[in-house]
Asker: 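First, the structure itself, so that you have it in front of you.
All values below were derived from every heavy atom in this structure, side-chain atoms included, with hydrogens, water molecules and symmetry-related copies excluded. Residue numbers count from 1 along this sequence.
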Amino acid sequence: MIDVPVVDAHHHLCRLSDGYPWLSGEPIARYHGDDTPLRRDYSMEDYRADCAGIPVCASVVVENGAASPLREAEWVDGVLAGTNSVQVAKADLLDPSVPALLEEYAGFSTIRGVRDILNWDPDPYYSHRARDGIMNEPAWRENFARLESLGLSFDLQIFPRQLADAARLADAFPSTRIVLDHLGMPIYRNAEYLRNWGRGLRELARRENVFVKLSALGTTDHHWTEESIRGPLLTAIDAFGVKRSMFGSNFPVDSLYSDMRTLFSAFAAVVADFSDGERRRLFAGTATDFYRMDGGRLQRSVQAGHGVGGSAGPGADALMEQDK
């Protein structure tokens, strides 16, 4: 199992009564599978229960597609108050009203960045957006340009076919910190597809302002095994290095494919041969740095035996060393 502290770089919460379009109405066949089990509240208490036995000392709560992004951010801000955890809020950078929303987000003590899901594929089964190339459009980029001055990072969720556009975006905004969600979401597992994905990933990784989340492999590999995720994980870590790579659970979405303990046990097994310092970066240090979390406070929390959300948790004798 894991013998270093964990900062979960990517998970969600849900207060279903606030309205989540993707979790409403008749279920639609999509690439992530049957989402009926997700159509419920998912609180920090639920998340802590899923984390049982894992030394999670903090987490990054990523927007979950609520109908009102601001209301969701306000709710999560209240949930995280007084804890070590932070959030990434939703922002549609094509929305004419988004400049005011970004200004408001900058005033939240828990918000570190925003996400605007851009996944596009010719097959509607996969697509989140109606068209490709949104990140190249002037109106979208005009709002993206506001992030740096507001101290906001950007969670970039795309498919491999969009990696070249992502590289151009990173070149155009070299001072804006970007994290590629879910390894760029390789949809298929055939060798040629993965080779092309790997080339695109390595090209994007040449931009020092881009990081990667090692997460959500189950969304495109529902029956994953330690061996089936080993190659993609090691390819991403090799491309970005341990200082720009971070593990995330993507719960509760990835609870459709495994429990949390099984997931993190697989992560730990894949990097078992890495040094202690490298594993500390992958499981906690990179996320702590990227999302500007209080490393000193996290270390004190771990030493005191406090888990995610301030609850008592495992890992009390672990140290939050972040560079070796």
Asker: Quick one: are D8 and M246 in side-chain contact, heavy atoms under 4.5 Å?
Answerer: no
Asker: So, D259 and T262: side-chain donor and acceptor under 3.5 Å apart, yes or no?
Answerer: yes
Asker: Would you say that L70 contacts Y105 through its side chain, given a criterion of any heavy-atom pair below 4.5 Å between the two side chains?
Answerer: yes
Asker: Show, in sequence, the C-alpha distance, side-chain angles and deciding distance for D171 and R168, and conclude whether the salt bridge (charged side-chain N to carboxylate O under 4.0 Å, His left out) test is met.
Answerer: CA-CA 5 Å; D171 282 339; R168 287 187 283 271; over 6 Å; no
Asker: Going only through I, L, V, M, F, W and Y residues with side-chain contacts under 4.5 Å, is there a path from L194 to L217?
Answerer: yes
Asker: Counting only N and O atoms by type, is there a donor-acceptor contact under 3.5 Å from the side chain of S245 to the main-chain atoms of G241?
Answerer: yes
Asker: Side-chain contact test, heavy atoms from C-beta onward, threshold under 4.5 Å: evaluate it for H12 versus Y42 and give yes or no.
Answerer: no
Asker: Salt bridge or not between R281 and D289? Use side-chain N to carboxylate O under 4.0 Å.
Answerer: yes
Asker: Between E63 (side chain) and V114 (backbone), is there a donor-acceptor pair under 3.5 Å?
Answerer: no
Asker: Between R230 and E227, is the salt bridge (charged side-chain N to carboxylate O under 4.0 Å, His left out) condition met? List the steps.
Answerer: CA-CA 5 Å; R230 179 181 296 273; E227 286 309 307; 3.3 Å; yes
Asker: Between R131 and E137, does at least one N-O distance fall below 4.0 Å, as a salt bridge requires?
Answerer: yes
Asker: Are side-chain N/O atoms of Q87 and R112 paired as donor and acceptor at under 3.5 Å?
Answerer: no
Asker: Verify whether the ring centers belonging to W22 and H32 lie closer than 6.0 Å.
Answerer: yes
Asker: Check D116 with R129, please: is the shortest side-chain N to carboxylate O separation under 4.0 Å?
Answerer: yes
Asker: Might you work through the salt bridge (charged side-chain N to carboxylate O under 4.0 Å, His left out) test for D35 and R30, ending with a clear yes or no?
Answerer: CA-CA 9 Å; D35 57 30; R30 297 297 308 279; over 6 Å; no
Asker: Can you check whether E203's main-chain N or O pairs, donor with acceptor, with R207's side chain at less than 3.5 Å?
Answerer: yes
Asker: For a quick check under 3.5 Å, do N84 and D294 share a side-chain donor-acceptor pair by atom type?
Answerer: no
Asker: Can we call the ring centroids of Y47 and F251 under 6.0 Å apart?
Answerer: no
Asker: Would F154 and W140 count as a close aromatic pair, with their ring centres under 6.0 Å?
Answerer: yes
Asker: Tell me whether D3 is salt-bridged to R279, with the criterion being a basic N under 4.0 Å from an acidic carboxylate O.
Answerer: yes
Asker: Are any side-chain N or O atoms of T220 and backbone N or O atoms of P186, one a donor and one an acceptor, separated by less than 3.5 Å?
Answerer: yes
Asker: Just wondering, do L156 and V179 contact through their side chains at under 4.5 Å, heavy atoms?
Answerer: no
Asker: Check the pair N250 / S215 against side chain to side chain donor-acceptor pair (under 3.5 Å), numbers first and verdict last.
Answerer: CA-CA 6 Å; N250 195 40; S215 54; over 6 Å; no
Asker: Between S43 and D46, do the side chains contain a donor N or O and an acceptor N or O under 3.5 Å apart?
Answerer: yes
Asker: Return yes if some donor-acceptor pair links the side-chain N/O of K213 with the main-chain N/O of A9 below 3.5 Å, else return no.
Answerer: yes
Asker: Using side-chain heavy atoms (C-beta onward) and a distance below 4.5 Å, is L23 in contact with C14?
Answerer: yes
Asker: How about V271 and V242: do any of their side-chain heavy atoms sit closer than 4.5 Å?
Answerer: no
Asker: Report yes if the distance between the aromatic ring centroids of H182 and F159 is under 6.0 Å, otherwise no.
Answerer: no
Asker: Measure the shortest side-chain to side-chain distance between L214 and F267 over non-hydrogen atoms and say whether it is less than 4.5 angstrom.
Answerer: no
Asker: Judged by atom type as modelled, is there a donor-acceptor pair below 3.5 Å linking the side chain of E226 to the main-chain atoms of A269?
Answerer: no
Asker: Is any side-chain heavy atom of Y257 closer than 4.5 Å to a side-chain heavy atom of D221?
Answerer: no
